[in-house]
Amino acid sequence: GAGVSQSPSNKVTEKGKDVELRCDPISGHTALYWYRQSLGQGLEFLIYFQGNSAPDKSGLPSDRFSAERTGGSVSTLTIQRTQQEDSAVYLCASTQGRGRNTIYFGEGSWLTVV
Amino acid sequence: AQSVTQLDSQVPVFEEAPVELRCNYSSSVSVYLFWYVQYPNQGLQLLLKYLSGSTLVESINGFEAEFNKSQTSFHLRKPSVHISDTAEYFCAVSGTGEGNKLTFGTGTQLKVEL
């Protein structure tokens, strides 16, 4: 597709369950970000992948959160043992990798933990 | 590493009035600066950016921002707002080096009232 694609668009899960959120970046984009946006909050950086470099995981809030990017393309964000405070919109974005390039966001995955 | 401060979480303004959304950044290296906008129920999109050259940059819908290196600021202004400008505005900064990640501020909610 032409844009960043995220799935699922909405996910309701029970507390304690694991969830996986998928991101398909724009073809050819070497850099990929995950952000979290909670109700009334700003954008919280989670993780950054740039080419073959080791990912910048400095934003992951706990060890229940992890992400991988396979083949330099698709990325999966995994949240284990979900908690209610994990409820948020998880945004994926990609760019061609240089700081000057525009970053393109997906529509987000709405996660609700009940 | 870079950081961004958006001091105003909400800015209410009447239609046709001028508005300024403040953004200050911190960085030990040269930077690129961006404003992204998120309209209600939509994803984030680029509004304007400063890369180099003229310190005053403009968007197609009448917003402008000026890079002030001495004050480490990149405030967003519009001389006359419209109801359709109601949105959340995010300031972001990136180092100019290869692979530098984008760091966002917490956002400013602009609410335009009749």
Side-chain angles (χ1 to χ4, degrees), chain A residues 1-7 9-10 23 25-26 29-60 67 69 72 88-110, chain B residues 1-10 21-23 25 27-53 57 59-60 67 87-111:
Chain A
V4 177
S5 177
Q6 292 188 246
S7 60
S9 55
N10 282 284
C23 173
I26 293 173
H29 281 189
T30 59
L32 186 147
Y33 298 80
W34 282 100
Y35 292 91
R36 178 167 71 176
Q37 188 174 25
S38 304
L39 189 63
Q41 303 296 314
L43 284 170
E44 179 185 2
F45 166 76
L46 297 178
I47 189 168
Y48 169 58
F49 295 91
Q50 168 55 26
N52 295 321
S53 303
D56 178 347
K57 304 179 181 181
S58 61
L60 294 178
R69 189 177 184 193
V89 179
Y90 289 83
L91 294 169
C92 177
S94 73
T95 182
Q96 287 182 331
R98 293 190 173 191
R100 64 187 296 125
N101 293 115
T102 300
I103 183 173
Y104 294 90
F105 283 84
E107 294 293 316
S109 292
W110 278 90
Chain B
Q2 292 78 40
S3 66
V4 178
T5 302
Q6 292 182 251
L7 288 173
D8 306 307
S9 58
Q10 293 187 7
L21 306 183
R22 295 180 294 168
C23 172
Y25 69 92
S27 177
S28 58
V29 299
S30 297
V31 296
Y32 300 129
L33 292 156
F34 307 81
W35 277 97
Y36 281 79
V37 59
Q38 186 176 32
Y39 296 105
N41 301 314
Q42 295 187 27
L44 281 94
Q45 56 188 287
L46 179 69
L47 182 63
L48 49 75
K49 62 183 176 182
Y50 167 79
L51 301 180
S52 65
V57 291
S59 73
I60 59 173
F67 169 50
E88 184 139 25
Y89 293 79
F90 294 91
C91 183
V93 64
S94 168
T96 58
E98 184 77 27
N100 271 229
K101 76 180 185 192
L102 196 60
T103 300
F104 283 87
T106 51
T108 298
Q109 179 66 44
L110 175 64
K111 185 174 181 182

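Every chain is numbered from 1 and lettered A, B, ... according to where its sequence line falls, protein lines coming before strand lines.
Distance OH/B:Tyr32 to OG1/A:Thr102: 12.0 Å, rounded to 0.5 Å.
No part of A:Glu44 comes within reach of chain B, as not one of its non-hydrogen atoms sits under 4.5 angstrom from that chain. Interface remark: A:Tyr104 contributes no atoms to any contact with chain B (heavy atom separation under 4.5 Å).
A:Ile103 approaches B:Tyr36 most closely through the heavy-atom pair CG2-OH, 2.5 Å.
Counting heavy atoms from C-beta on, the side chains of A:Leu43 and B:Leu44 come closer than 4.5 Å.
For A:Asn10, the side-chain contact (heavy atoms from CB on, under 4.5 Å) partners two or more places apart in sequence, or in a different chain, are A:Trp110. Remark: B:Thr103 pairs with B:Val93, B:Lys101 by the side-chain contact (heavy atoms from CB on, under 4.5 Å) rule, at least two apart or across chains.
Across B:Gln42, B:Gln45, B:Gln38, the residue that shares the most heavy-atom pairs under 4.5 angstrom with chain A is B:Gln38.
In this structure, A:Phe105 has its ring center closer than 6.0 angstrom to the ring center of B:Phe104.
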